[in-house]
Colleague: 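So that we are looking at the same thing, I have put the structure below in structure tokens.
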Amino acid sequence: MEQETVEAAQSSELGAGPSCSDSNLISRMALNDNKAGMEGLDKERINQIIYEASKDSKFFENEKKKEEQLESRIKEQQSKISKITQAQLRAAEHEADKVLAILEDERDLSHTIVHVDMDAFYAAVEMRDDPTLWNKPMAVGGLGMLSTSNYLARRFGVRAAMPGFIGLKLCPDLVLVKPNFDKYSAVSKEVRQVLSQYDPNFCPMSLDEAYMDFTNHLQKRLQSSALSRMFVLREKNTGHDKIGENENYCMCDLNVVLRPALLSSSEFRDQCVSDEILQTFLNTESFSKHFKVCTECNKMFPKYTCKVFGCSVEDAVLELRNRIEQRTHLTASAGVAPNTMLAKVCSDKNKPNGQYRIKPDKKEIMSFMLDLPIRKISGIGKVTEKLLGSIGVVTCKDLFTHRAMLFHLFSCTSFHYFMRISAGIGSTCVERDGERKSISTERTFNEISDPKLLLQKCRELCKNLSEDMKDEKTLGKTVTLKIKTVGFDVKTRSFTLSHYTNDEALLLKAAQMLLQTEINAELPGALRLRLMGVRMSKLCSDQESQVSVADMFKRIDKNDQGDQNSKNYPNPDFLSFQNAQSVIQNFDDICTGEESDLHIVDFDGEEDDDNESSVFSMPLNHTLVSGLGDNNRYKQELFPLKGRKKESHLSSEIGILKFACTGYKAADSIQVTTKHATGIKEEAQGKISRQDMLNCKESIFSSQENGLPRKLSFKIKGLNHHLNKSASETLSEADSPFMAGNQLMDSSHCLETLNTSTSETGMVSCPICRQQKLNWPLDQLNTHIDLCLSKQTVKDILQKDKLKNSDSVSHKEKSIKRPSSSSSSSLRDKKQKTQPSVISYFK
DNA sequence: GCGGATCAC
DNA sequence: TATGGTGATCCGC
């Protein structure tokens with residue numbers, strides 16, 4: 001810990017010059033001894049070894065590059081500083097003090113937060129189960145990377161996040177053990193069982209650590225009997241506390257196999273008795289006389305004692321740690337404080353197998369913060385440490401001293417974060433994280449540069465991810481490809497689909513497109529990778545696609561009121577895969593006039609329809625609903641308009657449903673909104689051109705592959721339900737390339753048509769941007785279409801169309817409340833009398 | 001919304 | 001011979 005201060009002080013002095021320019025090792029690669037069990041090491045020697053092992057590697061080159069980038073960030077920071085006037089600093093100080101005053105108001109000392117952290121968890125589990133490791137420096141991991149090391153190994157400078165081969169250089173006797181995650185996870189479960197008895201809502205951060213709120217437990221504890229705070233302890237240092245030492249002894253959790261019997265045998269079991277009296281009784285009375293053999297394993301009990309734990313926080317936490325140890329034969333450390341930030345720091349203070357408490361007292365907190373290095377705070381890593389160090393901030397108190405400067409140099413978020421740290425204020429709730437926000441898989445490998453093999457790797461990853469997502473019953477919308485070059489350069493490229501999916505083929509298509517783009521960018525060179533990953537974000541649950549129309553209403557209403565509970569409702573911006581899929585499946589049937597289980601309900605609140613109320617219970621993915629504008633009678637009754645936003649998401653979805661079902665029937669006058677995959681919305685008002693109509697069709701057709709929708713980007717507004725004369729005059733279906741006589745082709749034929757009609761000449765053209773290529777493979781064409789749809793091309797088309805139809809009046813969505821007579825055709829005027837304007841559906 | 005960076009474990 | 005995998009967040013654009 002002391003070295004750390006020295007290192008930080010050095011970096012604060014270095015100013016502009018590169019750090020460690022004299023010594024060979026750059027600071028970011030130096031041993032990070034910010035970890036228990038690593039005090040007082042010969043850092044210089046260790047760093048020299050690390051340097052020797054790294055200096056010629058590409059990894060090292062990249063680290064140097066990053067170091068330089070950091071240096072230039074620091075220079076920028078300094079040039080900013082040079083422009084700050086004294087007056088500005090004074091003003092900033094004033095602002096900062098205001099912030100601190102507000103924070104002070106929020107200070108909450110009423111909670112008792114405990115952070116529990118298993119000591120060298122993975123390593124400890126392995127040592128517990130293998131006596132041959134007991135006296136050896138060991139680490140869990142491989143030559144590539146270590147997950148954790150035992151305390152013996154730490155004396156050599158071997159630590160987590162260090163490559164194994166360097167660990168071996170530091171400590172040639174180091175034993176490497178391959179990780180057994182299943183085992184760690186099982187042990188973790190046991191630990192959690194104990195934790196849950198103190199706080200059922202504890203918040204696990206990983207397999208080996210958790211935050212807990214002890215406040216309630218401590219309250220109850222005050223009322224609890226001494227006996228209920230009595231627990232069994234194995235006598236230590238007899239050897240009988242280690243698994244594998246002596247097979248003759250019971251290794252069960254004595255608090256499970258023995259304690260109940262002890263409790264019921266105690267003469268105090270029905271009485272209120274003081275802790276002292278009970279403890280004295282336990283010390284004199286030898287229970288082991290009566291209980292010698294474990295009924296679970298039939299082995300002899302080891303030597304044990306019983307202890308009554310008091311009602312204080314310290315005793316409660318000690319009891320918890322003891323119970324963990326009895327249960328798992330592993331030790332844990334704990335930190336106790338009024339908030340999570342401090343509790344976390346505390347759990348490290350007396351590691352291993354210790355605990356530390358900061359009392360809920362402002363003075364005590366402030367004196368604790370006084371010389372606490374900022375690096376100890378969770379969230380401040382090596383970069384922030386260095387950035388802050390360069391302006392003289394090393395301890396938490398320094399954050400306060402330099403608050404005016406921090407105000408100028410950092411974002412609002414960071415500044416507030418720093419101020420909270422300086423005041424020792426942290427979160428007092430330990431709620432578990434909500435739903436996950438992304439899911440990913442990535443793999444490091446020996447260099448791959450052959451495009452075929454790269455695509456193969458991509459395929460594997462997508463397959464894995466798709467499976468993981470199906471296991472998790474989750475769908476996603478944004479696909480991100482991550483690549484790391486052999487030079488350790490990391491890049492991410494993402495693409496947002498128009499609907500949620502976890503389908504392998506769709507995933508692959510998106511990821512492949514992104515990868516191909518990167519491969520192409522390197523041409524004529526090769527893209528040389530050492531890692532590839534695929535991530536899916538913007539998730540929604542698989543289940544959520546099964547909502548009824550009523551749910552949908554509720555959801556929109558909740559969300560628009562900014563309800564805190566809106567998380568309980570599906571993301572309003574959803575077009576579920578199932579939804580789309582079901583529409584597509586019904587698509588051909590409807591167009592060809594065959595049976596379908598898709599319900600079509602005009603749900604506009606007019607008097608004449610008895611079917612309408614049934615809509616509420618229909619699953620949406622089999623229901624086509626129209627008329628859901630704010631004028632909708634049912635909707636108004638159910639959810640009075642209280643400044644609610646327009647139901648654009650809903651109408652978007654319904655628009656797509658409508659189009660899918662009626663697109664072939666054509667329309668006389670419609671409005672098109674294109675929602676790009678990028679999220680940009682483009683609108684075209686007035687009459688739609690024939691070409692747009694075809695584009696829409698093509699888009700939907702080309703979206704079908706293996707029966708799956710690929711792209712649904714069009715939202716049709718104001719679509720009239722049925723073909724009529726005036727429409728047929730302006731839009732002849734016979735002109736469609738997808739018509740076979742009077743019959744519409746099914747989707748597979750359309751695909752064929754798309755293919756063959758163009759391949760006669762060998763030239764294939766993109767239906768969107770009209771770009772032509774010789775023998776454009778369908779795969780790539782589809783990928784290209786995706787790209788087109790996501791970029792600006794559609795916008796251009798729509799722009800042109802706008803020009804062509806410049807006689808029609810253009811409206812902003814907002815201004816359209818009623819069917820506009822100025823842009824109406826006579827047909828629409830007629831229709832309007834019998835039913836609400838189609839435009840009003842999507843106001 | 002996207003991409004780079006930082007951070008924790 | 002040789003430096004991980006997963007998830008979250010923030011910032012600047």
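Order of the sequence lines sets the chain letters (A, B, ...), proteins ahead of strands, with each chain counted from 1.
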Colleague: Measure the distance from CG on Leu146(A) to C1' on dA2(C) and round it to the nearest whole Å.
Modeller: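 Nearest whole value for this atom pair: 12 Å.
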
Colleague: Check whether any side-chain N or O of Lys344(A) sits under 4.0 Å from OP1 or OP2 of dC9(B), and answer yes or no.
Modeller: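 Yes, such a contact exists.
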
Colleague: Report which part of the nucleic acid Ile380(A) touches: base, sugar-phosphate, or nothing (heavy-atom distance under 4.0 Å, all strands).
Modeller: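 Result for Ile380(A) = sugar-phosphate.
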
Colleague: Taking atom P of dC7(B) as reference, at what distance in whole Å does atom CD of Glu385(A) sit?
Modeller: 9 Å

Colleague: Using a cut-off of strictly less than 4.0 Å, decide whether Thr413(A) has a side-chain nitrogen or oxygen near OP1 or OP2 of dT9(C).
Modeller: no

Colleague: Would you say the side-chain atoms of Asp119(A) pair up with the backbone N or O of Leu330(A), donor to acceptor, closer than 3.5 Å?
Modeller: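 Pair absent, no side-chain N/O of Asp119(A) close to backbone of Leu330(A).
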
Colleague: Just checking, Lys477(A) and Tyr500(A): is the charged tip under 6.0 Å from the six-membered ring centre and within 45° of the axis?
Modeller: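 Ring-cation test returns yes.
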
Colleague: From the options dG4(C), dC7(B), dT6(C), select the nucleotide whose nearest atom is closest to the side chain of Met145(A).
Modeller: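 The nucleotide sitting nearest to the side chain is dG4(C).
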
Colleague: Could you tell me whether the side chain of Asp199(A) and the main chain of Asn201(A) form a donor-acceptor pair under 3.5 Å?
Modeller: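 Such a contact is found between Asp199(A) side chain and Asn201(A) backbone.
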
Colleague: Reading DNA chain B from 5' onward, which residue's closest nucleotide shows up sooner: Ser206(A) or Arg493(A)?
Modeller: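 Going by which nucleotide is closer to the 5' end, it is Arg493(A).
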
Colleague: Is the shortest heavy-atom distance from the side chain of Met405(A) to the side chain of Ile84(A) under 4.5 Å?
Modeller: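 Contact flag for Met405(A)/Ile84(A) side chains = yes.
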
Colleague: Aromatic ring centroids of Tyr211(A) and Phe202(A) under 6.0 Å?
Modeller: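 That pair fails the under 6.0 Å test.
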
Colleague: dT3(C), dC7(B), dA8(B): which one has an atom nearest the side-chain heavy atoms of Lys382(A)?
Modeller: dC7(B)

Colleague: Distance-only, no hydrogens or angles: does the Thr517(A) side chain make a donor-acceptor pair with backbone N or O of Met513(A) under 3.5 Å?
Modeller: yes

Colleague: Return the nearest nucleotide to the side chain of Ile439(A); candidates are dG7(C), dA2(C), dG1(B).
Modeller: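 Nucleotide nearest to Ile439(A)'s side chain: dG7(C).
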
Colleague: Would you indicate which nucleotide in dA8(B), dT3(C), dG5(C) comes nearest to any side-chain atom of Leu531(A)?
Modeller: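 Given the options dA8(B), dT3(C), dG5(C), the side chain of Leu531(A) is closest to dG5(C).
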
Colleague: Pick base, sugar-phosphate or nothing for Leu465(A), based on heavy-atom distances below 4.0 Å to the nucleic acid.
Modeller: nothing

Colleague: Would you mind reading off the distance between Lys80(A) atom NZ and dG12(C) atom P, rounded to a whole angstrom?
Modeller: 7 Å

Colleague: Between Lys484(A) and dT3(C), does any side-chain N or O lie under 4.0 Å from OP1 or OP2?
Modeller: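 Negative; the distance criterion is not met.
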
Colleague: Is the closest basic N to carboxylate O distance between Glu76(A) and Lys80(A) below 4.0 Å?
Modeller: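 Salt bridge between Glu76(A) and Lys80(A), a charged N being under 4.0 Å from a carboxylate O: no.
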
Colleague: Check this one for me: any side-chain N or O of Arg73(A) less than 4.0 Å away from OP1 or OP2 of dT6(B)?
Modeller: yes

Colleague: Starting at the 5' end of DNA chain C, which residue's closest nucleotide do you reach first, Asn446(A) or Arg436(A)?
Modeller: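 It is Asn446(A), whose closest nucleotide lies nearer the 5' terminus.
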
Colleague: CD1 of Ile49(A) versus C1' of dA2(C): gap in Å, rounded?
Modeller: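 Distance, rounded to whole Å: 17 Å.
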
Colleague: Check the distance between dT3(C)'s C1' and Arg159(A)'s CZ and give it to me in whole angstrom.
Modeller: 14 Å

Colleague: Would you tell me if any nitrogen or oxygen in the side chain of Ser494(A) comes within less than 4.0 Å of OP1 or OP2 on dG3(B)?
Modeller: yes

Colleague: What is the distance, to the nearest angstrom, from the CG atom on Leu461(A) to the P atom on dG5(C)?
Modeller: 10 Å

Colleague: Return no unless some side-chain N or O of Thr492(A) is found under 4.0 Å from OP1 or OP2 of dG4(B).
Modeller: yes

Colleague: When the distance from CD of Glu63(A) to P of dA2(C) is rounded to whole Å, what number comes out?
Modeller: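 Atom-to-atom, Glu63(A) to dA2(C), this comes out as 16 Å.
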
Colleague: For Ser57(A), report the nucleic acid contact type (base, sugar-phosphate, nothing); a contact means any heavy atom under 4.0 Å.
Modeller: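 Result for Ser57(A) = base.
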
Colleague: State whether Thr384(A) places a side-chain N or O below 4.0 Å from either non-bridging phosphate oxygen (OP1 or OP2) of dC7(B).
Modeller: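 Result: yes.
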
Colleague: Kindly point out which of dC2(B), dT3(C), dG4(B) is positioned nearest to the side chain of Thr478(A)?
Modeller: dC2(B)

Colleague: Identify which nucleotide among dG3(B), dT6(B), dT3(C) has an atom closest to any side-chain atom of Val383(A), counting heavy atoms from C-beta outward.
Modeller: dT6(B)

Colleague: Need to verify one output field. Residue with the more 5' nearest nucleotide on DNA chain C, Cys412(A) or Lys482(A)?
Modeller: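 Closest to the 5' end, via its nearest nucleotide, is Lys482(A).
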
Colleague: Roughly how far, to the nearest 0.5 Å, is the NZ atom of Lys35(A) from the NZ atom of Lys351(A)?
Modeller: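 Going from NZ on Lys351(A) over to NZ on Lys35(A), the span is 7.5 Å.
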
Colleague: Which whole number of Å gives the distance between the C1' atom of dC7(B) and that of dG4(C)?
Modeller: 15 Å

Colleague: State which of dG5(C), dG1(B), dT9(C) makes the closest approach to the side chain of Thr496(A).
Modeller: dG1(B)

Colleague: Please classify the nucleic acid contact of Ser414(A) as base, sugar-phosphate, or nothing, using heavy-atom distances under 4.0 Å.
Modeller: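 The answer is sugar-phosphate, as Ser414(A) gets under 4.0 Å only of primed atoms, P, OP1 or OP2.
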
Colleague: Indicate whether OP1 or OP2 belonging to dT6(C) is found under 4.0 Å from a side-chain N or O atom of Ser440(A).
Modeller: no

Colleague: Could you state the CE-P distance from Met205(A) to dG7(C), rounded to the nearest angstrom?
Modeller: 14 Å

Colleague: Assuming nearest nucleotide by heavy-atom distance, tell me which of His115(A) and Lys66(A) is located more 5' along DNA chain B.
Modeller: Lys66(A)

Colleague: Give the nucleotide from the list dG3(B), dA2(C), dT6(C) with an atom nearest to the side chain of Lys169(A).
Modeller: dA2(C)

Colleague: Verify the contact: side-chain N or O of Arg530(A) to OP1 or OP2 of dT1(C), cut-off strictly under 4.0 Å; return yes or no.
Modeller: no

Colleague: So which nucleotide from dG3(B), dG7(C), dG4(C) ends up closest to the side chain of Thr444(A)?
Modeller: dG4(C)

Colleague: Classify the side chain of Ser438(A) versus the base of dT6(C) as yes if they form a donor-acceptor pair under 3.5 Å and no if they do not.
Modeller: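 Under the 3.5 Å cut-off, the side chain and the base do not form any donor-acceptor pair.
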
Colleague: Among dC9(B), dT3(C), dG7(C), which is the nearest nucleotide to the side chain of Phe488(A)?
Modeller: dT3(C)

